[in-house]
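Predicted model only: the values in this text are computed from it and were never measured. Protein chains get the first letters and strands the later ones, always in sequence-line order, with residue 1 at the start of each.
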There are 2 protein chains.
Amino acid sequence: MKATRNTTAKTAVLEVFEKSKTALSHTEIQKQLNDVCDRVTIYRILDRLVNDDIIHKISNLDGTVKYAKCNHSHQRVHIHNHAHFSCENCHEITCLESVKPSYIMPHNYKVNEINFTLSGLCPKCLNSNI
Amino acid sequence: MKATRNTTAKTAVLEVFEKSKTALSHTEIQKQLNDVCDRVTIYRILDRLVNDDIIHKISNLDGTVKYAKCNHSHQRVHIHNHAHFSCENCHEITCLESVKPSYIMPHNYKVNEINFTLSGLCPKCLNSNI
DNA sequence: AAAATTAACGCAACAATGTTGCAATTGATT
DNA sequence: AATCAATTGCAACATTGTTGCGTTAATTTT
Ligand SMILES: [Mn+2]
Ligand SMILES: [Mn+2]
Ligand SMILES: [Zn+2]
Ligand SMILES: [Zn+2]
């Protein structure tokens, strides 16, 4: 394992995650950063953070890709075998850290990772929509 | 509901799905079609087929988007609340129609759709990899 | 069978997202 | 302070998906 450096850009990206309660796309992060760094740099920082298990990547049904830093991330390893919720109305994506699916696999498969995303209406949008 | 027409391009796309045991990306379909139609047309056909519940869209963790026609599609409505498996080695994506996750949601969420993708090694790659 | 209707198409142009190579910069180490 | 490699900026490119519009062709109507 190589030494990952604490650069100003990386710190700025982490602060954005800290402030956000929902998952963020590359574009959303870029907007909040106000030209702290190039957009290529953001891609590279995200790659590094995913690799270091500090954030995780969430790929949505509509094709959008988002990243999130979970609450349990003070632990040594960032486990993300939990569900994510994608609101069809406000398009916010949140970690549902308590929701862990149970399932039975056929033989001869080796499962390394799971991605469980539910979509529908989040509590906020459910209330405001009658 | 509008009338969906049976064009030669749509028939050709459906034949490609019929022949394939795994999910296919837009690019993979285009290659098999040998200039039967424009690539934009393929996008529009896929949209229509998804809309008519004949195929379904699978969005993978690595960002790739694939489409599949399930075996149970002879039924009136194509239900796809089952799991999909994405092989990290051969990158094939298959429907696991028997795998249906059970889970408990917090209150105040309305779930309309689920996307459950497992990744790892498929039986084929598991055997050939010692 | 011919005419009418409009879904579907081709093409060109555009937009969004992500990747790569390379020289310059900068964080960490000695 | 000098060193070294991780990180960055920039430019260029690749891939994927979208849109507008005039034309084509599948289906319905006459
Ligand atoms: Mn997590
Ligand atoms: Mn299905
Ligand atoms: Zn919402
Ligand atoms: Zn495989």
Enquirer: Can you name the nearest heavy-atom pair linking B:S59 to B:N115, along with the distance?
Expert: O-OD1, 4.1 Å
Enquirer: As an exercise, state the distance from SG of A:C122 to NE2 of A:H91, rounded to the nearest 0.5 Å.
Expert: 11.0 Å
Enquirer: Is B:E92 salt-bridged to B:K21, cutoff N-O under 4.0 Å?
Expert: no
Enquirer: Side chain of B:I45, heavy atoms from C-beta onward: which of C:dG18, C:dA8, C:dC9 has the nearest atom to it?
Expert: C:dC9
Enquirer: Separation of A:L46 atom CG from D:dT8 atom P, in whole Å?
Expert: 11 Å
Enquirer: Evaluate the ring planes of A:H26 and A:Y43, with Trp represented by its six-membered ring, and classify them as parallel (under 30°), tilted (30 to 60°) or perpendicular (over 60°).
Expert: parallel
Enquirer: Roughly how many Å is it from NZ in A:K10 to C1' in C:dT26, rounded to a whole number?
Expert: 14 Å
Enquirer: Does C:dT17 have OP1 or OP2 under 4.0 Å away from a side-chain N or O of A:T27?
Expert: yes
Enquirer: Between A:Y43 (OH) and D:dG9 (P), how many Å, whole number?
Expert: 15 Å
Enquirer: Tell whether B:R5 reaches the base of C:dT6 with its side chain through a donor-acceptor pair below 3.5 angstrom.
Expert: yes
Enquirer: Would you kindly compare B:K57 and A:R48 by the position of their nearest DNA chain D nucleotide and give the one closer to the 5′ end?
Expert: A:R48
Enquirer: When you look at B:T117 and B:S86, which way does the side-chain hydrogen bond (donor to acceptor under 3.5 Å, both in side chains) test go after all the steps?
Expert: CA-CA 7 Å; B:T117 309; B:S86 164; over 6 Å; no
Enquirer: Take the protein atom CG of A:D47 and the nucleotide atom P of C:dT17, then report the distance between them rounded to whole Å.
Expert: 16 Å
Enquirer: Looking for any heavy atom pair under 4.0 Å, which part of the strands does A:V40 touch: base, sugar-phosphate only, or nothing?
Expert: base
Enquirer: Are any of B:T7's side-chain N or O atoms less than 4.0 Å away from OP1 or OP2 of C:dC9?
Expert: yes
Enquirer: What integer distance in Å separates A:D38:CG from C:dT17:C1'?
Expert: 14 Å
Enquirer: At less than 4.0 Å, is any side-chain N or O atom of A:T41 found next to OP1 or OP2 of D:dT7? Yes or no.
Expert: no
Enquirer: Any N or O donor-acceptor pair linking the side chain of B:R39 to the base of C:dG10 at under 3.5 Å?
Expert: no
Enquirer: Report the distance from atom CZ of A:R44 to atom C1' of C:dC22, rounded to the nearest whole Å.
Expert: 10 Å
Enquirer: Between D:dG9 atom C1' and A:L33 atom CG, what is the distance in whole Å?
Expert: 15 Å
Enquirer: Which sits closer to the 5' end of DNA chain D, B:N6 or B:G63, going by the nucleotide each is nearest to?
Expert: B:G63
Enquirer: Distance check needed: D:dT7 P versus A:D52 CG, whole Å only.
Expert: 9 Å
